[in-house]
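Working notes, beginning with the structure itself.
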Amino acid sequence: MSNGQPNLGAFLAEAEKALSSGGVNRSEETLRRYGENTLPGGDRLPAAVVYPGSTADVQAIVRAANAYHVPLYPISTGNNIGLGSRSSNAAGQVVVDLGRRMNRLLEIDETLAYAVVEPGVSYQAMYDELVRRGNRLMLDVTSGPPQGGMLGNALDKGAGYTPYFDHFGFACGMEVVLPNGEILRTGDGALDSTDISNWHTSKYSFGPILDGLFAQSNYGIVTRMGIWLLPRPPAIRSFHFAYDNDDDLEEIIDLCRPLKLSNFVPTLFRVTNDLYLCGSEGESAEYRTSAGRRSISDEGRRALREKHGVGAWTVSGAFYGASDAAIEPMIQRVRSHFGQSGKARYISHEEASEIAPLQVAINAFAGVPSLGELGLLKWRPGGGNSWFLPGTPMVGKVANEFQRLCRGIYEEHGLDYTVMNVCAARFSRGLHVLSFNREDEEEKERARSCYRKMAEEVARRGVFVGRSPVDFQEFHMSQTMPSFRGACASIKQALDPNGILAPGRYGIHAG
């Protein structure tokens, strides 16, 4: 047993005994690869990377970490680009790559439409397996990397666009290794039985609902999870509307809201600005002439819209039905709804299929993983990319005020306002992409300052973020009420008194 100081050598020796061959990696290339990210704060090299192959392996790693006071940083597949990729909260932590070997799709129940996955099961892997089985079920995907892990995305409160958009909400039943090495199973999985029929079908079972403790936290390592799937409809038809002016967002939000409150439109609305759509199609034509110090001009934005056939804002949604003919009356109704002011230009499903940025939306509504939006990493050279994810109520005037606020802050910092609003009935999440040259120290600092200023300004107006890049998690935790910070710290102290699981993740430390 150590004296309270980290003993990395002893930990790694014990981990090598517990894991199969190749279970521990300390090569310079591996550490560099796992420390890389796209954020302004810089890379964070881990002390080592370990690859468990089972829940028992995870237990052994956690127990050794407690014995030798070595901080661990668990990841699933490490594809949360814009939030930190595989980088830990601090350099020198040991990355526990769950996805490398724990990548089994444990179960698909086609009768009750659910799957059980380990951390390494990606959206692409699940999609491929469902297609192999006859394509009768579909998953809800993100518009991020197809190799992103389903389990990790759900635990970070990621979302998609179909009726099952809430990935944590549509997860059911977890297996968790607690910081002391014990196993906790949530929901009906807590039953002391070897035959648990409802573990992944009954979300709220006996006693307190503990599942939420493991979302955006460092209270345990989730090693398996149930995920609900949708029956694939016979027909899917998207619809799109392009608007010419930035301030048309007010009208758009007020038109989307009643269609979602009534659930007439089953998908979420993607309300994307021109640069979010066009930025995935190549580097900014103005970046090099301005040396990256100015936002793209209005003329440059108009040229992009004309080239790609989109608007200053483009609204996308979809209907599901028995056939294209059955869906057509719904398309006509929504066309009439958005056509009231004469500002919207309708883009049909067929037309959108020929516009690459809109094909990404069609794929998302159909549960098909795609690479399209990864092109945003190339909008400016240097590969810098960070996400700012506030939410606003579905009130047009309010949404437009926040649009003007954030657009102004982007322009103040010489960055290009790039955003997709993902709209539900009462609430819209604004996925703001900060693209910057990470190889330019001055531009990198502007990106960091832009993020912080937007976060401070929206917080003054009662708006918080739903997810955070690792660079800003401590900052966002400092914005919360002292009682919230205290409660998080107390739970951490109770479950993880040695502070070995991802210390600092989402700003949570043992109290």
Side-chain angles (χ1 to χ4, degrees), residues 55 58-59 62 74 76 98 106-107 109 112-119 121 139-140 149-160 163-230 391 424-427 429 464-468 473 476-477 480-481 483-497 501-502 505-508 510-511:
T55 298
V58 175
Q59 290 179 280
V62 167
S76 57
L98 300 160
L106 299 171
E107 181 184 358
D109 188 311
L112 297 174
Y114 71 83
V116 184
V117 302
E118 289 186 322
V121 175
L139 67 160
D140 186 279
M150 299 181 72
L151 184 151
N153 182 268
L155 292 178
D156 203 43
K157 303 178 191 169
Y164 283 25
F165 69 92
D166 180 356
H167 293 171
F168 187 75
F170 283 89
C172 182
M174 303 176 189
E175 178 178 78
V176 187
V177 176
L178 296 174
N180 62 2
E182 294 179 1
I183 292 175
L184 169 72
R185 295 191 179 97
T186 65
D188 275 20
L191 191 65
D192 188 9
S193 171
T194 56
D195 182 17
I196 306 168
S197 302
N198 287 325
W199 188 8
H200 303 298
T201 60
S202 173
K203 190 172 176 69
Y204 305 123
S205 190
F206 176 83
I209 301 166
L210 300 180
D211 306 60
L213 284 175
F214 306 104
Q216 287 187 0
S217 76
N218 48 17
Y219 299 148
I221 300 177
V222 180
T223 56
R224 72 170 63 188
M225 176 186 286
I227 293 173
W228 292 342
L229 305 169
L230 301 79
R426 299 168 180 84
F427 174 83
R429 176 70 67 200
F464 210 13
V465 295
R467 304 171 75 186
S468 168
Q473 289 175 359
H476 283 300
M477 180 59 84
T480 64
M481 295 173 63
S483 57
F484 180 80
R485 297 196 297 272
C488 290
S490 295
I491 295 169
K492 180 67 171 172
Q493 181 66 39
L495 293 176
D496 187 13
L501 276 191
R505 177 168 167 77
Y506 274 89
I508 300 171

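What's counted below: heavy atoms across the whole structure, side chains too, no hydrogens, waters or symmetry copies. Bear in mind that the values here come from a model prediction, so they are computed numbers and not experimental data.
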- Item | Within 6.0 angstrom of Phe484 CZ, more than 12 heavy atoms from elsewhere | no
Correct closest heavy-atom pair for Thr55 and Val177 would be CG2-CG2, 3.8 Å
Rounded to the nearest 0.5 angstrom, the CE-CH2 distance for Met174 and Trp199 is 11.0 Å
Side-chain donor or acceptor of Trp228 paired with backbone N/O of Leu112 under 3.5 Å:
no
Sorted by chain and residue number, the ring pair (Phe, Tyr, Trp, His ring centres under 6.0 Å) partners of Tyr164 (sequence neighbours excluded) come out as Phe170
The salt bridge (charged side-chain N to carboxylate O under 4.0 Å, His left out) partners of Lys203 (sequence neighbours excluded) come to none
The side chain to side chain contact (heavy atoms under 4.5 Å, CB included) partners of Ala502 (sequence neighbours excluded) come to Tyr73, Pro74, Asn218, Arg505
Checklist line | Leu184 vs Phe214, side-chain contact (heavy atoms from CB on, under 4.5 Å): CA-CA, chis, key distance, verdict | finding: CA-CA 11 Å; Leu184 169 72; Phe214 306 104; 3.6 Å; yes
The reported gap from CG in Leu501 to CD1 in Ile508 (rounded to nearest 0.5 angstrom) is 11.5 Å
Please walk me through it: do Phe168 and Leu155 pass side-chain contact (heavy atoms from CB on, under 4.5 Å)? CA-CA 6 Å; Phe168 187 75; Leu155 292 178; 4.2 Å; yes
For Ala215 and Lys157 the tightest heavy-atom approach is CB-CE, 4.3 Å
In this structure, CG of Asp211 is separated from OG1 of Thr186 (nearest 0.5 Å) by 3.5 Å
Those residues at least two apart in sequence (or on a different chain) that pass side chain to side chain contact (heavy atoms under 4.5 Å, CB included) with Ile227 are Val117, Met150, Met225
Residues at least two apart in sequence or cross-chain that pass side chain to side chain donor-acceptor pair (under 3.5 Å) with Asp496, listed by chain then number, are Lys492
To the nearest 0.5 Å, atom CG of Leu106 lies from atom CD of Glu118 at 4.5 Å
By ring pair (Phe, Tyr, Trp, His ring centres under 6.0 Å), Phe464 pairs with (sequence neighbours left out) His476
Across all chains, not counting sequence neighbours, the side chain to side chain contact (heavy atoms under 4.5 Å, CB included) partners of Leu495 are Pro179, Tyr219, Ile491
For residues 163-176, the salt bridge (charged side-chain N to carboxylate O under 4.0 Å, His left out) pairs (sequence neighbours left out) are Glu175-Arg185, Glu175-Arg224
Residues at least two apart in sequence or cross-chain that pass salt bridge (charged side-chain N to carboxylate O under 4.0 Å, His left out) with Arg485, listed by chain then number, are none
Nearest heavy-atom approach of Ser76 to Gly149 is OG-CA, 4.3 Å
**Asp156 versus Tyr506, side-chain donor and acceptor atoms under 3.5 Å** = yes
Rounded to the nearest 0.5 angstrom, the CD-CD distance for Gln59 and Glu182 is 9.0 Å
Contacts satisfying salt bridge (charged side-chain N to carboxylate O under 4.0 Å, His left out) that involve residues 188-198 (not counting sequence neighbours) are none
Contacts of Pro497 meeting side chain to side chain contact (heavy atoms under 4.5 Å, CB included) (sequence neighbours excluded), chain-then-number -> Gln493
The reported gap from CG in Leu230 to CG in Asp140 (rounded to nearest 0.5 angstrom) is 7.0 Å
Residues at least two apart in sequence or cross-chain that pass salt bridge (charged side-chain N to carboxylate O under 4.0 Å, His left out) with Arg426, listed by chain then number, are none
